[in-house]
Amino acid sequence: MGIGLGYFLGISMPSSNITKIRLPSSFGHSFDVPIADIEKFLADINSSQATMDHSSGTEGLEYLGSIRLPKIYVPTNPHGAESLPPGIVVSESDFHLRRLWGEPSEDLQKKPKYLVTFTVGYDQRYNIDASVKKFSDDFAILLFHYDNRINEWDEFEWSKKAIHVSARKQTKWWYAKRFLHPDIVSAYEYIFIWDEDLGVEHFNGDKFVELIKRHDLEISQPALENSDSTWEMTKRRGDRSVHKFTAEKPGWCSDPHLPPCAAFVEIMAPVFSRKAWRCVWHMIQNDLVHGWGLDFALRRCVEPAHEKIGVVDSQWIVHHGVPSLRSQGDADDQGKQGDSVRERCRNEWGLFQTRFTDADKVFLEGIRG
């Protein structure tokens, strides 16, 4: 009886009212939509376009914006955009400056290929000016201002074309987590996240990029000269263009392919490929703003890390070690401003390592069952 009733109802329903919309295989989904809704929508669009063709006003545009739409659901769209047709979804962005007039397609005479960011205070303006001049117009410049002084930078002509972001007393990793989302910087092949106190007399941005491409480096930095750096890995070697390994103090490296003997750069002047940055951004913690310990974890984002992470010797820099941001801290009862900031840096390193170890443990125990 049930089968007979179902058959009777099935042949009684009009076959023209419902159709199954099948999206292309890349969308991987199908759903039922009344075909009458689709036909009405298409007719309304054609009517609106005809109105626009015969009108110099906005009547057609207004009508087009008020058309009743058939239901759309595309699960392969970015989360939250499932109700949009895939052709309108723009999931990535950039820092390209746009005009307020003219044709959008004519806004950009040239699109920068790379992004350079500095976290700066106005006191270091001349050092930043010297640094920016080491990068060609293939590089977009983004300044993060921790002292809220922005307008004064207009004394430099390049500053008028740069992007400026300001938040008082924040670090570059705080800025990076909030303003350098991978979908925002996806237009750039490489992202430089640099300190403000670097000497660049022997550095050239174009030559540096040429070398990291040639050696297939996903994470890199210029070598350091005359530096009191703790790490042997980042010190300049005069007999080569790039190095990926070093010999450290006895007992410092459990494996010659692991940090700090390999797969390691420091956080003062790192450079990330677009692909590597997508991973690193997700690893940065919201509350651990100084980034201490991050350099030991960067290897998690490239494979094999000892081949994809390296130091460029022939394009080298000097770290002046100006404690400008450290002096922005608030002193506690027992110490100076710089002491309290440095204490937090060390504390963050321990917290970051503990979180990573705990996350590894939970994940691996889950696999083991």
Side-chain angles (χ1 to χ4, degrees), residues 114-135 139-149 153 156 158-159 162-180 185 190-205 208 219-231 233-236 264-272 277 280-281 284 288-296 298 311-312 315-329 337-338 341-342 344-346 348-349:
Y114 321 111
L115 178 66
V116 182
T117 75
F118 296 97
T119 301
V120 303
Y122 187 62
D123 290 344
Q124 294 297 316
R125 61 192 179 279
Y126 296 120
N127 196 64
I128 292 298
D129 178 51
S131 296
V132 168
K133 290 175 179 176
K134 293 293 183 173
F135 296 97
F139 297 80
I141 304 298
L142 170 57
L143 299 188
F144 296 127
H145 299 268
Y146 60 75
D147 61 357
N148 267 5
R149 300 178 67 180
W153 288 81
F156 306 110
W158 56 261
S159 177
I163 310 298
H164 298 266
V165 176
S166 179
R168 294 187 68 249
K169 298 188 177 184
Q170 300 303 314
T171 71
K172 70 177 181 179
W173 298 111
W174 182 92
Y175 284 111
K177 186 64 174 179
R178 287 148 184 86
F179 298 99
L180 299 182
V185 299
Y190 295 97
I191 299 96
F192 294 60
I193 304 181
W194 280 21
D195 289 353
E196 63 181 341
D197 58 347
L198 305 175
V200 293
E201 182 180 354
H202 302 280
F203 177 84
N204 177 278
F208 179 87
I219 301 176
S220 61
Q221 73 160 82
L224 296 171
E225 178 78 351
N226 298 328
S227 171
D228 58 356
S229 169
T230 305
W231 313 111
M233 179 64 182
T234 55
K235 293 181 180 179
R236 178 175 176 252
F264 179 80
V265 297
E266 294 190 65
I267 59 173
M268 68 181 70
V271 180
F272 304 94
W277 179 245
V280 172
W281 183 90
I284 299 171
L288 307 184
V289 296
H290 290 288
W292 279 36
L294 190 63
D295 37 17
F296 279 81
L298 295 176
V311 176
V312 177
Q315 295 297 314
W316 47 275
I317 59 176
V318 175
H319 185 214
H320 295 311
V322 178
S324 48
L325 186 57
R326 198 184 309 165
S327 66
Q328 298 277 317
Q337 289 177 332
V341 171
R342 196 166 186 83
R344 170 153 179 169
C345 290
R346 295 193 186 95
E348 286 194 6
W349 190 349

Item checked: 4.5 Å side-chain heavy-atom contact, Glu225 and Trp316 -> yes
Note to self: Taking ring pair (Phe, Tyr, Trp, His ring centres under 6.0 Å) as the definition, give me every residue that meets it alongside Trp349, ordered by chain and number, with sequence neighbours left out.
What the structure shows: Phe296
Note to self: Measuring only between side-chain heavy atoms, which start at C-beta, is Phe272 closer than 4.5 Å to Val280?
What the structure shows: yes
Next item on the list: Apply side-chain contact (heavy atoms from CB on, under 4.5 Å) to His164 and list each qualifying residue two or more places apart in sequence or on a separate chain.
Entry: Leu143, His145, Ile150, Trp153, Ser159, Ala162
Checklist line | Tyr175: partners by side-chain hydrogen bond (donor to acceptor under 3.5 Å, both in side chains), with sequence neighbours left out | finding: none
Check: Name the one of Phe203, Tyr190, Tyr114 that satisfies ring pair (Phe, Tyr, Trp, His ring centres under 6.0 Å) with Phe135?
Finding: Phe203
Check: Using 30° and 60° as the class limits, which term best fits the ring planes of Phe139 and Phe192: parallel, tilted or perpendicular?
Finding: perpendicular
Item checked: Residues forming a side-chain contact (heavy atoms from CB on, under 4.5 Å) with Asp197, sequence neighbours excluded -> Asp195, His319, His320, Val322
Note to self: Test of understanding: with salt bridge (charged side-chain N to carboxylate O under 4.0 Å, His left out), list the residues that count as partners of Asp295, not counting sequence neighbours.
What the structure shows: none
Check: Less than 4.5 Å apart, any side-chain heavy atom of Leu224 and any of Glu266?
Finding: yes
Notebook entry, point to check: Side chains of Asn204 and Gln315: closer than 4.5 Å at any heavy-atom pair?
Noted result: yes
Check: So, do Thr234 and Gln221 sit near enough that their side-chain heavy atoms are less than 4.5 Å apart?
Finding: yes
Next item on the list: State which residues pass salt bridge (charged side-chain N to carboxylate O under 4.0 Å, His left out) with Arg178; sequence neighbours excluded, sorted by chain then number.
Entry: none
Check: With sequence neighbours excluded, what pairs up with Thr117 under the side-chain contact (heavy atoms from CB on, under 4.5 Å) test?
Finding: Leu115, Leu142, Phe144, Leu180, Ile193
Note to self: Is any side-chain heavy atom of Glu196 closer than 4.5 Å to one of Asn127?
What the structure shows: no
Note to self: Going by the rule side-chain hydrogen bond (donor to acceptor under 3.5 Å, both in side chains), which residues pair with Asp129 if we only count those two or more places apart in sequence or in a different chain?
What the structure shows: Lys133, Trp158
Next item on the list: Name all residues meeting the side-chain hydrogen bond (donor to acceptor under 3.5 Å, both in side chains) criterion together with Gln124; count only those two or more places apart in sequence or in a different chain, and write none if there are none.
Entry: none
Margin query: Looking at Lys172 and Ile267, would you say the former's side chain and the latter's main chain have a donor-acceptor pair under 3.5 Å?
Written below: yes
Note to self: Quick one, Ile219 with Val265, criterion side chain to side chain contact (heavy atoms under 4.5 Å, CB included). Give me CA distance, side-chain angles, the key distance, then yes/no.
What the structure shows: CA-CA 8 Å; Ile219 301 176; Val265 297; 3.8 Å; yes
Notebook entry, point to check: Which residues satisfy the side-chain contact (heavy atoms from CB on, under 4.5 Å) test with Asp123, sequence neighbours excluded?
Noted result: Arg149
Note to self: Going by side-chain hydrogen bond (donor to acceptor under 3.5 Å, both in side chains), name the residues that satisfy it together with Arg346, two or more places apart in sequence or in a different chain.
What the structure shows: none
